[in-house]
**Student:** 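The structure's right below; bear with me while I get my questions together.
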Amino acid sequence: MGNPLDQIIVIDLEATCWEGDPPPDQEKEIIEIGLCLLDVASGMRGEHTSIVVRPERSTVSAYCTELTTLTQEEVEAGVSFAEACRLLREQYGARRRVWASFGDYDRQQFERQCRSQQVVYPFGTRHINVKTLVSLVHRLPEEVELPRALELAGLRLEGHHHRGVDDAWNIAALLAEALWPGQPH
């Protein structure tokens with residue numbers, strides 16, 4: 001793999017969720033890893049994909065399906081969490097590249113789930129928190145959620161909010177606008 005600073009891997013996770021706390025026999029698990037590659041030389045968004053992950057310790061609730069559109073049947077056809085992490089490392093060079101997410105939740109969820117399932121953490125230490133970056137760029141007194149951040153940047157929400165592949169695409173646009181303002185992304 002070439003230059004580790006040629007692309008930024010933009011990640012957005014969706015995880016099993018419930019209206020309240022998880023049922024006693026279940027835990028929050030990643031069910032989708034949305035990914036969008038951002039080319040550093042051009043500031044253009046490139047490949048974007050969804051890695052659907054099969055949960056091992058939880059099921060998709062009706063609330064979760066309503067939020068993400070992902071069903072239990074769809075995630076059952078996904079890859080294991082260990083396989084998803086291997087894909088990130090081997091196919092996308094995630095250990096070597098800078099990666100970004102909107103907020104710190106995604107990084108923390110990866111760390112928790114890797115510990116819990118004894119899976120090698122797929123990323124290196126270089127992480128960009130786009131939520132914080134956007135708030136600093138716009139000189140906001142506090143961080144805002146993704147739809148508001150897009151609005152502030154003059155961008156529109158594309159796709160379905162809370163679908164990892166669509167949110168990764170939108171987060172990549174926000175990051176590109178923060179790093180290369182006024183250029184097409």
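Along the sequence shown, residues carry numbers from 1. Because the structure is predicted, anything quoted here is derived from the model rather than measured.
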**Student:** Ignoring hydrogens and geometry, is there a side-chain-to-backbone donor-acceptor pair from Q113 to I30 under 3.5 Å?
**Tutor:** yes
**Student:** Go through the steps to decide whether E158 and L150 satisfy the test side chain to side chain contact (heavy atoms under 4.5 Å, CB included), and finish with yes or no.
**Tutor:** CA-CA 10 Å; E158 295 181 54; L150 288 164; over 6 Å; no
**Student:** Minimum heavy-atom separation for A168 and V10, please, with both atom names.
**Tutor:** O-CG1, 3.5 Å
**Student:** Examine L13 and F123 and state if one hydrophobic cluster contains both, with Ile, Leu, Val, Met, Phe, Trp and Tyr joined whenever side-chain heavy atoms are less than 4.5 Å apart.
**Tutor:** yes
**Student:** Between T59 and Q72, do the side chains contain a donor N or O and an acceptor N or O under 3.5 Å apart?
**Tutor:** no
**Student:** Should we count CD of E66 as having more than 12 external heavy atoms under 6.0 Å?
**Tutor:** no
**Student:** Keeping the roles fixed (side chain from D12, backbone from G34), state whether a donor-acceptor pair exists under 3.5 Å.
**Tutor:** no
**Student:** Would you say the side chain of R107 lies within less than 4.5 Å of the side chain of Y121, judging by non-hydrogen atoms?
**Tutor:** yes
**Student:** Do other residues, nucleotides or ligands put more than 12 heavy atoms under 6.0 Å from E111 CD?
**Tutor:** yes
**Student:** Does some side-chain heavy atom of T71 sit less than 4.5 Å from a side-chain heavy atom of V60?
**Tutor:** no
**Student:** Just do the side chain to side chain contact (heavy atoms under 4.5 Å, CB included) check on V40 and L5 with the steps written out, would you?
**Tutor:** CA-CA 7 Å; V40 173; L5 296 177; 5.7 Å; no
**Student:** Which residue in the set N3, I8, I9 passes side chain to side chain contact (heavy atoms under 4.5 Å, CB included) when paired with R97?
**Tutor:** I9
**Student:** Evaluate L133 against F102 for side chain to side chain contact (heavy atoms under 4.5 Å, CB included), listing each step before the verdict.
**Tutor:** CA-CA 9 Å; L133 179 62; F102 194 77; over 6 Å; no
**Student:** Using a 4.5 Å cut-off on heavy atoms from C-beta on, say whether the side chain of Y105 contacts that of N129.
**Tutor:** no
**Student:** Examine the side chains of T16 and Q26 and answer whether a donor and an acceptor come within less than 3.5 Å of each other.
**Tutor:** no
**Student:** Do the ring planes of W99 and F110 sit parallel (below 30°), tilted (30 to 60°) or perpendicular (above 60°)?
**Tutor:** perpendicular
**Student:** Whether the H162 and D167 side chains hold a donor-acceptor pair (N or O, under 3.5 Å, no angle test) is what I'd like checked.
**Tutor:** no
**Student:** Decide yes or no for L155 and N170: does some side-chain heavy atom of the first lie under 4.5 Å from some side-chain heavy atom of the second?
**Tutor:** no
**Student:** Calculate, to the nearest 0.5 Å, the distance between atoms CG and OG1 belonging to L140 and T132 respectively.
**Tutor:** 11.0 Å
**Student:** Output the distance between atom OG1 (T125) and atom CZ (R95), rounded to the nearest 0.5 Å.
**Tutor:** 9.0 Å
**Student:** Rounded to the nearest 0.5 Å, how far apart are CG of D39 and CZ of R45?
**Tutor:** 13.0 Å
**Student:** If you define the side chain from C-beta out and look only at heavy atoms, does anything of L70 sit under 4.5 Å from E32?
**Tutor:** yes
**Student:** Cluster question for you: counting only ILVMFWY and a side-chain heavy-atom cut-off of under 4.5 Å, with indirect links fine, are L157 and I171 together?
**Tutor:** yes
**Student:** Quick check: closest heavy atoms across G46 and C36, and the distance to 0.1 Å?
**Tutor:** O-SG, 4.3 Å
**Student:** To the nearest 0.5 Å, tell me how far E142 CD sits from K131 NZ.
**Tutor:** 10.0 Å
**Student:** Is any side-chain heavy atom of I51 closer than 4.5 Å to one of L88?
**Tutor:** yes
**Student:** Any donor-acceptor pair under 3.5 Å linking the side-chain atoms of Y92 with those of Q7?
**Tutor:** no
**Student:** Are the side chain of H161 and the backbone of L67 linked by a donor-acceptor contact shorter than 3.5 Å?
**Tutor:** no
**Student:** State, to 0.1 Å, how close E76 and R54 come at their nearest heavy-atom pair, and which atoms those are.
**Tutor:** O-CD, 3.5 Å
**Student:** If hydrophobic clusters are built from ILVMFWY residues whose side chains come within less than 4.5 Å, do L152 and V130 share one?
**Tutor:** no
**Student:** Below 4.5 Å, heavy atoms only, C-beta onward: do K28 and S58 meet side chain to side chain?
**Tutor:** no
**Student:** Looking only at heavy atoms, which two atoms of S50 and R163 are closest? And how far apart?
**Tutor:** OG-NH2, 3.9 Å
**Student:** Work out which heavy atom in P122 is nearest to a heavy atom in C114; give both atom names and the distance.
**Tutor:** CD-SG, 3.9 Å
**Student:** Please find the pair of heavy atoms, one from S80 and one from E56, that lie closest to each other, and give the distance.
**Tutor:** CB-OE2, 4.4 Å
**Student:** Ignoring hydrogens and geometry, is there a side-chain-to-backbone donor-acceptor pair from T68 to C64 under 3.5 Å?
**Tutor:** yes
**Student:** Linking I/L/V/M/F/W/Y whenever their side-chain heavy atoms sit closer than 4.5 Å, directly or via other members, would V79 and V52 fall into one cluster?
**Tutor:** no
**Student:** Would the number of heavy atoms belonging to other residues, nucleotides or ligands and lying under 6.0 Å from CG of D21 be above 12?
**Tutor:** no
**Student:** Would you kindly confirm whether L179 and V137 end up in one hydrophobic cluster when ILVMFWY residues are joined by side chain heavy atoms under 4.5 Å apart?
**Tutor:** yes
**Student:** Any side-chain heavy atom of L146 sitting closer than 4.5 Å to one from L174?
**Tutor:** yes
**Student:** State whether E29 and R57 are salt-bridged, where the test is any N-O pair (Lys NZ or Arg NE/NH1/NH2 against Asp/Glu carboxylate O) under 4.0 Å.
**Tutor:** no
**Student:** What do the steps show when you test Q91 against R86 for side chain to side chain contact (heavy atoms under 4.5 Å, CB included), and what is the final call?
**Tutor:** CA-CA 8 Å; Q91 190 170 337; R86 187 192 66 73; over 6 Å; no
**Student:** Rounded at 0.5 Å granularity, tell me how far NE2 in H48 sits from CG in L37.
**Tutor:** 10.5 Å
